[in-house]
Every structure is written in C-alpha cells, then in structure tokens.
Amino acid sequence: MMLIPTHHFRNIERKPEYLQPEKCVPPPYPGPVGTMWFIRDGCGIACAIVTWFLVLYAEFVVLFVMLIPSRDYVYSIINGIVFNLLAFLALASHCRAMLTDPGAVPKGNATKEFIESLQLKPGQVVYKCPKCCSIKPDRAHHCSVCKRCIRKMDHHCPWVNNCVGENNQKYFVLFTMYIALISLHALIMVGFHFLHCFEEDWTTYGLNREEMAETGISLHEKMQPLNVSSTECSSFSPPTTVILLILLCFEGLLFLIFTSVMFGTQVHSICTDETGIERLKRKNQPREHTGSWQSVKETFGGDFSLNWFNPFSRPCQPEIPSDKDMVRQVTSLSDTETMEDPSEETKDEDSVEVTDE
C-alpha cells in the first residue's frame, strides 16, 4: 500500500507493526477507582491560586468595606447571605472542576495483545495516540498538559488547572456562571455604595480651609477617620476605601465579561453537542449528534431540577466504553486513505491501523 504524505493526509498501513505496540507498556499499578485527580502543572496551580485569591479579595471588600460598617442591617444581611452563598458555590464548583477526572482514556493500553484481542475486521480502524500510547475512542483528544487523552475534550483551562471534558463540564459551567453572578452582584453593590456614601461621608475630606472654618472643623479633625453615627460607610479612611472599591470594580467588570463569554460558549457547545476542539477542527467524521435537550440533561444530570445548579451532584455518568467502542467502522478503504490531517501541528496525534483477517 502506498503511504500518503504526512503533511497532507494521515499515514495508514495494513501492517500491525505500524502502531509499534511493543513500545506501549501499560502502567504496572493502575490507580484505584475514585483516586483524586490533580494535574501537577505550575502554571495551572498558579492560576487556580490567583482565582481563589481574587474571590477572597472580593469577599473581604464586600464584607469589611461595604456590608459590616453599614447601619442598614437588613441590606447587609440579605446581600451578605446572597454574596457568600454565590461565592461558596463558585469555589465549590472550581474545586469539583479541578479535582474531577474529566474523562481520561486508560493510558498505555495500545499493546500488541490488546490490539489482537480486538480482532479487527476489514474496514475497521483503531486510532492510537503515540504520545500517551492509548487506543483512542471516538471524540477523544490528547491534552499536552494533562498528558492524557480526554473523552469529549472541550479545552484545557488553566484557571481550573484541568481539562474540560465529559465528566467535569457541568462543574466548569457552574463555575463560570457563579463567578459571573458574584461579579455582577459586587458591581451593583459598589455602585450603590459610591452613590450613598460619596455625598454624606466623604465630602468632608474635600473641604478647603474657608469651608472648614465656616463649619467649625479643624485640620486635625479633617485628617482623622470619620466616625459618623448615622451612616458610617467604611471602617477605613475614604482614600483607602475608594482604592479598594475601584480595584473590586475593575476585577468584577473584567471577570464578568470573561466568564459570561465562557458560560455562553459552553452552553452553546452543550446544546450543539460539539466540543470546542471539534468546532475548531471541523472534522467531517460521520457521527450521530445527540439532541440539544438530551445533551443538556446528560451534562447536568437528568431532568431539570435544582441539582443542575448543585456542584455536589454528579452529572449523568456515561457508560464505560467497551473494547469494541474503540473500533471505528469506515465505509471503504479509499475513504480512509483520503482522511485529511486537520493541521501540521496535530499530524502525529492520531495513527490508524487497518487490518484484514
């Protein structure tokens, strides 16, 4: 069989030696079921720490700058409960997205014995990832950061230090949604705080000497922190308060835009049953698309309920792929021989074996 140039098409051979299964050695001690998933990536760990720091900073400003000093106890209690609940759900969703196996394919299963056990027939192909030495099921892609092939991989997100895949997409969607909500909530409270306090408590700092003489305020009193019994707006000095609020406003606006876009993108991917990688590559591989509503239910865990918004409830667990699910059927050999490689960058990602028995 003639080999097709690698810069245009995938290499295909009928010989089983093409996959080089002897170079694949399965892990000697496979991890037990339920082992915690964590990616040891320096950039991802740093981004995850920054994410927690920014949420905790927003928590500090909202509580100690705006809510606790306020004399309106009903306003403080209601907004405090809502903001803390959303922040807790956001951080819980972040942890679940980071520590959940996104759908990793068993590593090192492309051994000679395993390939022979599949008993491939004419027109059947298997895809092997040479990077992690795994037989790849349909819609699986290799992540260079996780160093594994991930089922229905959408993308690798450094902010959660993990891939977004089949098993943790729900948690990532909830994370983006709750971050967007607390960002919007914080921006609204900052706006009300500026409107309420600027004219009442902070104008004293802008008085000149003539105005201070008329109002009977000494320079020493002006430089002291204000103690207004009626509407105390902050335990900090007005300049410090303004700086803290401006930083919170900038953070909230930035993350509101970013997470809203990510949330919309993920919902669109779920409804169209097309991952981000599939949308970028636009592979014309025939497969049955799941209906929009069915795909949403599978991602969030059954029929619509409050558990959809609960980061502690699990999505619908897909059936564990059997050995036969890793075998793909092609209509003809010529169809396989003209399978284009999407890009030069990914030309070595997949290898194909076609065997006759």
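Proximity of a side-chain donor or acceptor of Asp101 to a complementary backbone N or O of Ala104 within less than 3.5 Å is detected. Remark: the backbone N or O of Cys47 is paired with a side-chain donor or acceptor of Thr51 at under 3.5 angstrom. Asn162 places a side-chain N or O within donor-acceptor distance of the main-chain N or O of Ala97, the cut-off being under 3.5 Å. Of the possible polar contacts, one joining the Ser134 side chain to the Cys132 backbone as a donor-acceptor pair under 3.5 Å is found. Distance alone, capped at 3.5 Å, places no donor-acceptor pair between the Asn307 side chain and the Asn310 backbone. Side-chain N or O atoms of Asn161 include none that pairs as donor or acceptor with a backbone N or O of Pro158 at under 3.5 Å. Checked by atom type and distance alone, the side chain of Glu298 never pairs as donor or acceptor with a backbone atom of Ser295 at under 3.5 Å.
Within the structure, every pair that satisfies the side-chain hydrogen bond (donor to acceptor under 3.5 Å, both in side chains) test and touches residues 85-94, not counting sequence neighbours, is listed here: Trp52-His94. Listed by first and then second residue, the side-chain hydrogen bond (donor to acceptor under 3.5 Å, both in side chains) pairs involving residues 244-266 are Asp154-Gln266, Gln169-Gln266 (not counting sequence neighbours).
The aromatic rings of Phe258 and Phe255 stand perpendicular to each other, their planes meeting at an angle above 60°, with 30° marking the opposite boundary. Aromatic ring orientation, Trp308 versus Trp293: tilted (interplanar angle from 30° to 60°).
Nearest heavy-atom pair, Arg40 versus Ile45, reported as atom, atom and distance to 0.1 Å: CA-CD1, 4.4 Å. Taking every heavy atom of both residues into account, Val62 and Leu248 meet most closely at CG2-CD2, 4.2 Å. Across Phe64 and Pro69, no two heavy atoms sit closer than the pair O-CG, 3.5 Å. Residue Pro102 comes nearest to Cys163 through the heavy atom pair CB-O, 3.5 Å, listed as atom of the first residue, atom of the second, then distance. Closest non-hydrogen pair, Phe309 versus Pro311, comes out as O-CD, 3.4 Å. In plain terms, the two heavy atoms of Tyr171 and Pro315 that are nearest each other are OH-CD, 3.4 Å.
Tracing side-chain contacts under 4.5 Å through hydrophobic residues (I, L, V, M, F, W, Y), one reaches Val82 starting from Ile182; they form part of the same cluster.
Residues Pro137 and Val105 meet the side-chain proximity criterion, which asks for heavy atoms closer than 4.5 Å.
Residue Tyr73 is found outside any hydrophobic cluster, as its side-chain heavy atoms come under 4.5 Å of no other Ile, Leu, Val, Met, Phe, Trp or Tyr.
More than 12 heavy atoms of other residues, nucleotides or ligands shown are found within 6.0 angstrom of CZ on Phe60. Other residues, nucleotides and ligands place more than 12 heavy atoms under 6.0 Å from the OH atom of Tyr75.
Between His155 and Phe172, the ring center distance clears the sub-6.0 Å criterion.
Between Thr240 and Ser237, the side chains place a donor N or O and an acceptor N or O closer than 3.5 Å (distance only, hydrogens not considered).
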Quiz prompt | Criterion side-chain hydrogen bond (donor to acceptor under 3.5 Å, both in side chains) on Ser144 and Lys131, from CA distance to verdict | solution = CA-CA 9 Å; Ser144 58; Lys131 299 177 182 178; over 6 Å; no

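Among the candidates Arg139, Lys152, Arg151, the single residue satisfying the salt bridge (Lys or Arg N to Asp or Glu O under 4.0 Å) test with Glu166 is Arg151.
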